[in-house]
Amino acid sequence: MKHVVPVVVAAAVIGVLALGGFMVWRADSRTNKIALASAPKPVTVIAAKASSYRASRTYIGTLAPWTEAKIGPQLVSAYVDTVLVRPGAIVKRGDVLATLDCRNTNAASQAVAMTARAVDARRQALAHESARVQGLLDGGFVSQNEAEQKASASAAEDAQLLATKAKLLGSTLEMNDCILRAPFDGEVASRTIDPGAYVRPGTAMVSLVDRSTVRLSSDAPENDFAVITPGTKVTIRIFATGKELVGAITRRTPSADPGTRTVHFEIDIPDPKREIPVNTTGEIRIEVGEPLAATEIPLAAATIRGTKALVFIVDGDVTHLRTCAVQGEGGGSVFLESSLAPGTLVVTEGRALLAEGDRVDAKQAPR
């Protein structure tokens, strides 16, 4: 019995030593003995493709109606009696849009008309009397002074009649101002006054637009003066509807704005169906020069500095840093000169950790 205890203790010690040795071996087997710098770096690559590039200019402009009018009284102040249209209504030239309560103006106009009739009657009576006095002067029955006074009184009545007629014309204009009519064929864009409101001269009650032709106006930098020559073909995108149109520059100002050094130009867009909303935004794109052969890569694959682009290419499992001339950008791509051959693998992801000559584990991304 006394020999069993040493055997058990010895077995326990051997077991503990064996377990410790196993744990040391297991930990040592999981230690990476290869330097991280020499391990291939995971990157994503994509193949450059042959393409063509044509320089272009893009401008943002405003779509305005061919004609726009804010309609309201110009001569009288009065309460609004009726407003007969609402936004979206189509009207013809001469249609009544609104009326004002002009009873006072109407009464004043009638009073002036009656005054004009009275002055005309007096003028005729004085003219006849002056003619008779002139006849008596020829027979020596009246003095020259009396004849001249009658003639001057008749002339004064003539002047008074003309002044009254001018006043009557002004009253007639005020009466016409009480009925607001459409000055041209168009559509009602806004209605800002309702019946019962009090309006004064210059108050806009209804806004009318003519969309049969839409003007797209924009401004270009002064160094693009030759690019926006009238007649130049352009591509137009209407932001509000998403539609693309083809047009041509219609007019261009002969001078630049002194403050902004930009040149104003306009494009007339026929719109007989009135599908383009006005006072919205449009994009103008103008192609410049001739198409050039180029190599297209994603914009994320290049670091652009001025007219040069830095690109990492993969040759086998090694990367090389290349510098290429940039022709232009567009649509999320950069177009390089054809010195970078189509089909070359360029790094798109993992570029920040790369250096010249690094080994990589490349995974090609779908185009």
Side-chain angles (χ1 to χ4, degrees), residues 52-72 87-88 183-190 192 202 204 206-292 294 299 304-309 325-335:
S52 64
Y53 176 76
R54 188 177 185 184
S56 64
R57 301 287 191 275
T58 302
Y59 310 100
I60 300 298
T62 300
L63 293 156
W66 182 252
T67 307
E68 182 175 9
K70 297 185 182 300
I71 302 168
F184 51 81
D185 297 349
E187 301 166 273
V188 177
S190 64
T192 55
V206 175
S207 175
L208 192 65
V209 296
D210 177 11
R211 292 193 296 160
S212 58
T213 299
V214 176
R215 293 183 300 110
L216 177 55
S217 58
S218 183
D219 297 285
E222 60 182 346
N223 56 354
D224 283 351
F225 185 80
V227 175
I228 56 174
T229 304
T232 302
K233 300 297 182 182
V234 301
T235 301
I236 302 166
R237 184 162 69 94
I238 311 298
F239 287 156
T241 62
K243 290 186 177 180
E244 287 198 358
L245 307 172
V246 176
I249 296 176
T250 307
R251 62 190 66 88
R252 175 194 64 186
T253 58
S255 63
D257 183 277
T260 61
R261 301 298 180 187
T262 56
V263 180
H264 184 78
F265 66 97
E266 294 182 350
I267 303 166
D268 292 345
I269 306 173
D271 187 25
K273 295 183 179 180
R274 297 179 173 85
E275 296 177 338
I276 301 175
V278 295
N279 296 322
T280 55
T281 305
E283 182 184 75
I284 306 166
R285 188 169 183 269
I286 304 176
E287 302 290 347
V288 181
E290 298 296 329
L292 301 174
L299 194 58
I304 300 175
R305 296 174 180 172
T307 60
K308 301 295 182 179
V326 177
Q327 291 186 345
E329 301 176 32
S333 297
V334 58
F335 298 87

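- The structure places CD1 of Ile269 at 5.0 Å from CG of Leu216, a figure rounded to the nearest 0.5 Å.
- Side-chain contact check for Thr260 versus Asp219: every heavy-atom pair is 4.5 Å or farther apart.
- Between Arg215 and Glu266, at least one side-chain N (NZ, or NE/NH1/NH2) sits under 4.0 Å from a carboxylate O, which counts as a salt bridge.
- The line from CZ of Arg251 to OG of Ser217 is 10.0 Å long, rounded to the nearest 0.5 Å.
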(request) Verify side chain to side chain contact (heavy atoms under 4.5 Å, CB included) between Ile286 and Thr232, making sure each step is shown before the conclusion. (result) CA-CA 8 Å; Ile286 304 176; Thr232 302; 3.8 Å; yes
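- Pairing each heavy atom of Ser212 with each of Asp210, the nearest pair is OG-OD1, 2.9 Å.
- Panel note: side chain Asp271, backbone Ile276; a donor-acceptor pair is recorded below 3.5 Å.
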(request) Please lay out, stage by stage, how Val188 and Leu208 fare under the test side chain to side chain contact (heavy atoms under 4.5 Å, CB included). (result) CA-CA 5 Å; Val188 177; Leu208 192 65; 4.2 Å; yes
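- Annotation: the span from Glu329 atom CD to Phe335 atom CZ amounts to 9.5 Å, rounded to 0.5 Å.
- In this structure, Arg211 and Glu275 approach most closely via the heavy-atom pair NH1-C, 4.2 Å.
- A donor-acceptor pair is defined here as one N or O able to donate and one able to accept, closer than 3.5 Å; such a pair exists between the side chain of Thr250 and the backbone of Asp268.
- Rounding to the nearest 0.5 angstrom, the gap separating the OH atom in Tyr59 from the CD1 atom in Ile267 is 10.5 Å.
- Across every non-hydrogen atom of Leu63 and Gly282, the tightest pair is CD1-N, 4.3 Å.
- Among pairs with a residue in residues 214-250, none fulfils ring pair (Phe, Tyr, Trp, His ring centres under 6.0 Å), at least two apart in sequence or across chains.
- Asp224 pairs with exactly one of Arg261, Arg57, Arg252 by the salt bridge (Lys or Arg N to Asp or Glu O under 4.0 Å) rule, that one being Arg57.
- A donor-acceptor pair under 3.5 Å links the side-chain atoms of Ser218 to the main chain of Ile60, judged by distance alone.
- Distance CD1/Ile236 to CZ/Arg285: 13.0 Å, rounded to 0.5 Å.
- A 4.5 Å side-chain heavy-atom check between Glu283 and Thr58 finds at least one atom pair inside the cut-off.
- Between Ile228 and the choices Thr253, Ile249, Ile284, the side-chain contact (heavy atoms from CB on, under 4.5 Å) rule is met once, by Ile249.
- Here the closest non-hydrogen pair linking Ala189 and Val209 is CB-CG1, 4.0 Å.
- Taking both residues in full, the closest heavy atoms of Ser56 and Glu287 are given as CB-OE1, 3.9 Å, listed atom of the first, atom of the second, then distance.
- Between Asn279 and Pro65, the shortest heavy-atom contact is OD1-CD, 4.1 Å.
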